[in-house]
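A quick write-up on the structure given underneath.
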Amino acid sequence: MAETTEPFEDPWPADSAATPSAFIVDVAGYEGPLDVLLSLARQQKVDLAKISILELADQYLLFVAEARHIRLDLAADYLVMAAWLTYLKSRLLLPEAEQEDPSPELMAEALQFHLRRLEAIRDGARRLMQRPQLGQDLFRCGNAEGLPFEIDIQWTATLYELLGAYAAHTRRTESRGYRPPPMELFSMEDALVRLRRIMGTLPDWGDMFALLPEEIKGGIIYRSAVSSTLAASLELTRQGFVELRQAGPFAPIEIRTKAKGEGA
Amino acid sequence: MTAPSEELRIVEAFLFASPQPVSEEEIAGRLPEGTDIKALLVELAEHYQGRGVEPVKTAERWSFRTAADMAPKLKIRLKQSRRMSRAALETLAIIAYHQPVTRAEIEEIRGVSLSKGTLDLLLEIGWIRPSGRRKVPGKPLQWRTSDGFLEHFGLDRVDDLPGKEEMKAAGLLDRRPDLPPIGLLKDHLGADAAADGEEGDDEGAEGLDEEA
Amino acid sequence: MTAPSEELRIVEAFLFASPQPVSEEEIAGRLPEGTDIKALLVELAEHYQGRGVEPVKTAERWSFRTAADMAPKLKIRLKQSRRMSRAALETLAIIAYHQPVTRAEIEEIRGVSLSKGTLDLLLEIGWIRPSGRRKVPGKPLQWRTSDGFLEHFGLDRVDDLPGKEEMKAAGLLDRRPDLPPIGLLKDHLGADAAADGEEGDDEGAEGLDEEA
């Protein structure tokens, strides 16, 4: 079945080029001299290890000679191989007199090895391509949904960052400038503002301390209010806004707005 | 188990390999005419009953999906670390240094109002814990740092927080007595307090920095 | 048929849902420690025997694939497969069987110089990858096949290549010097050899036929 579904072109022209004449016309169809040699060797239809190197050399030299009639620019590789085979052939034909190395037998064996190796690779490539291939014969899951994922957030902070934040906060608080603790006591200024506001509405004498704010009766704040109000009243008297009187020691101090026109 | 029929195998492979869910018409197009597609799909569903994957029909089209209960087992957990915002860090530092401390006190110390998420976040991370209620009107919850906090920051005890003693000595960490409300005084301070409050809102909004 | 174990269901769902083939380590990470992964995979393969899809191991990783004999039924033929030149195919086979192998060795085995586009093409398809440099003068780059190659041809390991054992046994994968005198003669003819290389380039350019 793999044959019928094989989408690759059949890349080996060897079988179709089985006649010698086809070789000559179609030099470009070969991938180098080794390719030609392999094709020629296959024509001997014997095990590549037992191939007749002499016959092979003759066939190749004939091929090159014929090919040169058609293509004078025949590639160097072909000519190198032709030269080498001529040399090998001459060595093989000579009686084994001198022991030059490499011996012609060894050279012939090397050529056989190369041919066998190339054929093995071609066979491997063919078998590889006959395997069912992904996306062509086999399919992976077309719509794999993927793996759901969940993100674990890990909050990180170093001790240095923690202290840094606190220090920054401290610095920020300080940089707001010096802020005295808010005055808890009733200040002279508070008393002045308050007395000025109240006095306009009081036509007659009244107990000065009865005018203090209701909500601060008792405690240190009340006492501060008493003293600051007294001081404020003295100041207002000096300015001529109010009059003060006291019937006797420890008697209530009375206050009233100074009548208009009476002068200071 | 009987060997599956050729038709069933085709349906199975087709559902599996198709890039999109396939309609019953499309399935029929792959099979000899007259094949009972519905029966095949029922057979397929039966076969996959109780397995890790199963054929499902959505919007009139079929596909294989992992069984619903497999989702937690397949989940990939990605860890992502995030840095804390300045507001959260500062809040945490204040709790660490001033504990036990109420929300109102944190706001007072920071001088800005606390965004809602900040304490929640710290609680979720496990760095703070509630610790009883303050015995004042409204009984506000008090906060302390947790053992998780000590562990994360490599501390044995809260007292090991460096600098605390020095800061205390400088009076920087002293809590001032609360002021009794005096109308006039409040009026004087009113404007500044309001301005501070606004700043706090802005900062609260960025309670959670989104940093990669 | 007995109900599949929870572990088997997880393996099944995991292989199915993962966009990439998964290693046995990755599978183990999803299961309780000490689970016999190999036994589970054998069990899974048994279950899918004769069905339309089956678990396969390629490049040491597992995934589901449609059964090979389903091919004709599934063929959609949306895109025509690339046609590779003989040079590209042989080069791929040489890299596959002889890896790691240098460019010079590929040329020696084929007995012809390699056009530039051939390796590029195989690299582009994602079937080969460079793999270190040979420790000989010139430090030539060596080539190997990639996991993508194994996956495409459904091979678990390079050793599973068809006929590899026989080739090895016959000594055909041994490294041998080039035909000695030929090397010498080639050096003499350096200039001509370069011209030949150019011709090779032309051929390489048509290595990939784009057929609609």
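When reading the values below, keep in mind they use all heavy atoms of this one structure, side chains included, and skip hydrogens, waters and symmetry mates. Residue numbers start from 1 in every chain, and the chains themselves are labelled A, B, ... in the order their sequence lines are given, proteins ahead of strands.
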Using 30° and 60° as the class boundaries, would you call the ring planes of Tyr48(B) and Tyr48(C) parallel, tilted or perpendicular?
tilted

Given side chains that start at C-beta, do those of Arg30(C) and Ile76(B) come closer than 4.5 Å, heavy atoms only?
yes

Ignoring hydrogens and geometry, is there a side-chain-to-backbone donor-acceptor pair from Arg51(C) to Ala13(B) under 3.5 Å?
no

Heavy atoms of other groups near Asp147(B) CG, more than 12 under 6.0 Å:
no

More than 12 heavy atoms of other groups within 6.0 Å of Lys168(C) NZ:
no

Using non-hydrogen atoms only, which part of Leu8(B) is less than 4.5 Å away from chain C: side chain, backbone, both, or neither?
side chain

Heavy-atom pair with the smallest gap, counting every atom of Lys73(C) and Ile10(B):
CD-CD1, 3.6 Å

Report, as yes or no, whether the 6.0 Å neighbourhood of atom CD on Glu166(C) holds more than 12 heavy atoms from other residues, nucleotides or ligands.
yes

Around Glu151(B), counting heavy atoms of other residues, nucleotides and ligands shown, do more than 12 lie under 6.0 Å from its CD?
no

Does Glu124(B) CD have over 12 foreign heavy atoms under 6.0 Å away?
no

Quick check: closest heavy atoms across Gly50(B) and Arg9(C), and the distance to 0.1 Å?
O-NE, 3.0 Å

